[in-house]
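Predicted model, so just to flag it, every value in this text is computed and none were measured. When a ligand or atom number is given, it counts from 1 through the structure's own listing order. Count residues from 1 along the sequence.
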Amino acid sequence: MKGRIYTEDTPKKVGEKVRLIGWVESVRDHGKITFIDLRDRTGIVQCVAQGVDRISVESVVSIEGLVKKRPQNLVNEKISTGEVEIEVEKLEIVSKSDEMPFPLSTDGLEIDEGIRLKYRYLDLRRRRMAQNLRIRFKTLQFIRNWLEARGFVEIETPILTKTTPEGARDFLVPSRLQPGKFYALPQSPQQYKQLLMVAGFEKYFQIARCFRDEDPRADRAYGEFTQLDIEMSFVDQDDILELTEELFCDLVKDIFPNKRINKRPWPRVSHKEAMEKYGSDKPDLRENKNDPDELAFCWVVDFPLFNRQTKEDFFYGSGKSEWAPSHHMFTAPHPDDISLLDKDPGKVRGLQHDLVLNGFEVGGGSIRIHQSEIQSKVFDLIGFTEEQKREFEHMLTAFRYGVPPHGGIAPGIDRFLMVVLGEPSVREVMAFPMTSNGTTAVLDAPSVPDKRQLRELKIEVKC
Ligand code: ASP
């Protein structure tokens with residue numbers, strides 16, 4: 001808007017007439033004089049008006065006035081514009097606000113989450129939430145620049161695709177052009193990133209959206225989440241762990257300078273030791289659990305390649321084998337244990353690595369199988385039917401054309417930010433997360449489709 005300045009610039013404009021536009025964060029009526037805290041994307045500034053009508057908080061107003069220095073005893077040190085105030089000459093209500101469904105002055109955690117998500121666009125006006133999303137953006141920018149400087153290229157991979165099992169249920173999308181067939185939303189870009197290695201990119205990453213139909217928890221959003229998906233060729237496990245450690249240490253230093261990483265290099269704990277010593281495969285290695293600024297990263301390695309399949313776990317297999325992949329079915333067995341694949345699969349170690357931060361699993365990855373015979377053997381061991389094997393035939397085919405040994409990792413962005421920002425749930429670092437019963441924020445999906453849509457898809461709904 002012509003002539004508009006931001007609140008953060010007002011201290012530089014003492015003695016000048018300015019125009020501001022933003023939201024009324026608070027109104028304090030003192031008889032003839034009204035104090036208005038005006039908020040825009042850069043902060044707030046106090047405006048002093050005379051003889052104005054009642055203004056509801058969160059209305060959008062445009063203010064013209066004179067920037068004045070406040071007397072020394074009235075300076076507000078808590079805000080960056082605290083030395084000045086605006087003497088209002090003209091005030092126009094651009095868009096009046098109804099009464100807010102909840103207060104914005106608190107951190108919001110005391111408010112029912114369903115209501116916060118219904119009005120998420122208001123909840124995001126809350127300082128803490130706005131700040132979290134800005135930090136999220138800065139984190140992603142940092143990661144992109146850091147990886148680009150090291151020769152990585154970001155490549156987008158399809159969202160409408162075929163199943164890529166990561167241990168959860170798929171979301172299915174019906175096909176109109178091929179009625180009766182369904183796309184699956186990717187649980188991760190795992191297969192595509194491996195195919196990009198066959199394609200010769202060597203260093204790939206993607207800030208990738210992943211879709212998993214699994215029950216929500218505080219540290220796991222329902223439906224979708226974002227991960228930093230990385231894949232590299234001609235590397236061993238050490239290279240992946242070192243690169244990740246360097247990236248996260250540089251990131252913390254730059255974006256979270258108040259945080260202290262308690263140990264470098266990050267400890268590496270074998271899965272066996274983690275279970276025996278800490279009773280968990282995601283040990284919390286903080287020295288002082290009351291210290292909100294301590295970050296204890298560690299690696300958990302030497303996982304078994306397979307776990308026993310349980311009836312409770314959803315697993316994309318025939319259910320005819322006792323084994324399920326511990327990470328996913330593309331994870332390479334430890335080279336020393338290959339001979340055990342036939343004899344004693346439960347004893348085979350996998351080249352899997354989990355990234356743990358303050359007791360949360362914030363990422364996982366592995367060196368991959370790049371030989372068709374071994375991949376095929378793993379399919380057999382997890383009990384794939386011939387039909388299921390055919391679903392992954394493209395991987396075996398790709399592996400026949402000169403495939404570089406490769407591996408990668410995928411740290412979860414939401415979970416990392418939740419831990420580092422000390423938030424109680426991943427939803428606090430996501431703009432529009434779903435509610436715990438799988439309803440989208442604000443828009444209230446899923447919804448009943450139009451009859452015509454269903455007819456075109458040749459789908460009949462039976463419930
Ligand atoms: N695809 C894996 C996951 O989403 C990560 C990886 O193995 O790189 O957990």
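- For ligand 1 and His328, the ligand atoms under 4.0 Å from any heavy atom of the residue are 1 (N), 2 (C), 6 (C), 7 (O).
- Checked for salt-bridge contact, Arg39 and Glu58 meet the test: a charged N lies under 4.0 Å from a carboxylate O.
- Ligand 1 has a nitrogen or oxygen under 3.5 angstrom from a nitrogen or oxygen of His327.
- Each of the atoms 5 (C), 8 (O) of ligand 1 lies under 4.0 Å from some heavy atom of Ala410.
- When atom types are taken as modelled, the side chain of Arg136 and the backbone of Val429 share a donor-acceptor pair closer than 3.5 angstrom.
- Near Gly365, meaning under 4.0 Å from one of its heavy atoms, ligand 1 places the atoms 6 (C), 7 (O), 8 (O).
- Atom numbering of ligand 1 starts at 1 in the shown order; those under 4.0 Å from a heavy atom of Ile409 are 8 (O).
- Defined by atom type and a distance below 3.5 Å, a donor-acceptor pair is missing between the side-chain atoms of Asp284 and Tyr278.
- Salt bridge annotation for Arg349-Asp337: present, with a cationic side-chain nitrogen under 4.0 angstrom from a carboxylate oxygen.
- Checked by atom type, the side-chain pair Thr164/Gln190 shows no donor-acceptor distance below 3.5 Å.
- For Lys193, every heavy-atom contact with ligand 1 shorter than 4.0 Å involves the side chain, none the backbone.
- At under 3.5 Å, not a single nitrogen or oxygen of Asp229, backbone or side chain, sits near a nitrogen or oxygen of ligand 1.
- The atoms of ligand 1 that sit less than 4.0 Å from any heavy atom of Arg368 are 6 (C), 7 (O), 8 (O).
- In this structure, Lys389 pairs ionically with Asp380, as a charged nitrogen and a carboxylate oxygen lie closer than 4.0 Å.
- Side-chain contact check for Gln227 and Ser188: no donor-acceptor pair (N or O, by modelled atom type) lies under 3.5 Å.
- Of all atoms in ligand 1, numbered sequentially from 1 with element shown, those under 4.0 Å from a heavy atom of Glu166 are 1 (N), 2 (C), 3 (C), 4 (O), 9 (O).
- For His271, the ring pair (Phe, Tyr, Trp, His ring centres under 6.0 Å) partners two or more places apart in sequence, or in a different chain, are Phe303.
- Listed by atom number, the atoms of ligand 1 under 4.0 Å from Gly364 heavy atoms are 5 (C), 6 (C), 8 (O).
- Taking every heavy atom of Ser188 and a limit of under 4.0 angstrom, the matching atoms of ligand 1 come to 1 (N), 4 (O).
- Taking each of Gln190, Arg212, His353 in turn, the one with a heavy atom nearest to atom 4 (O) of ligand 1 proves to be Arg212.
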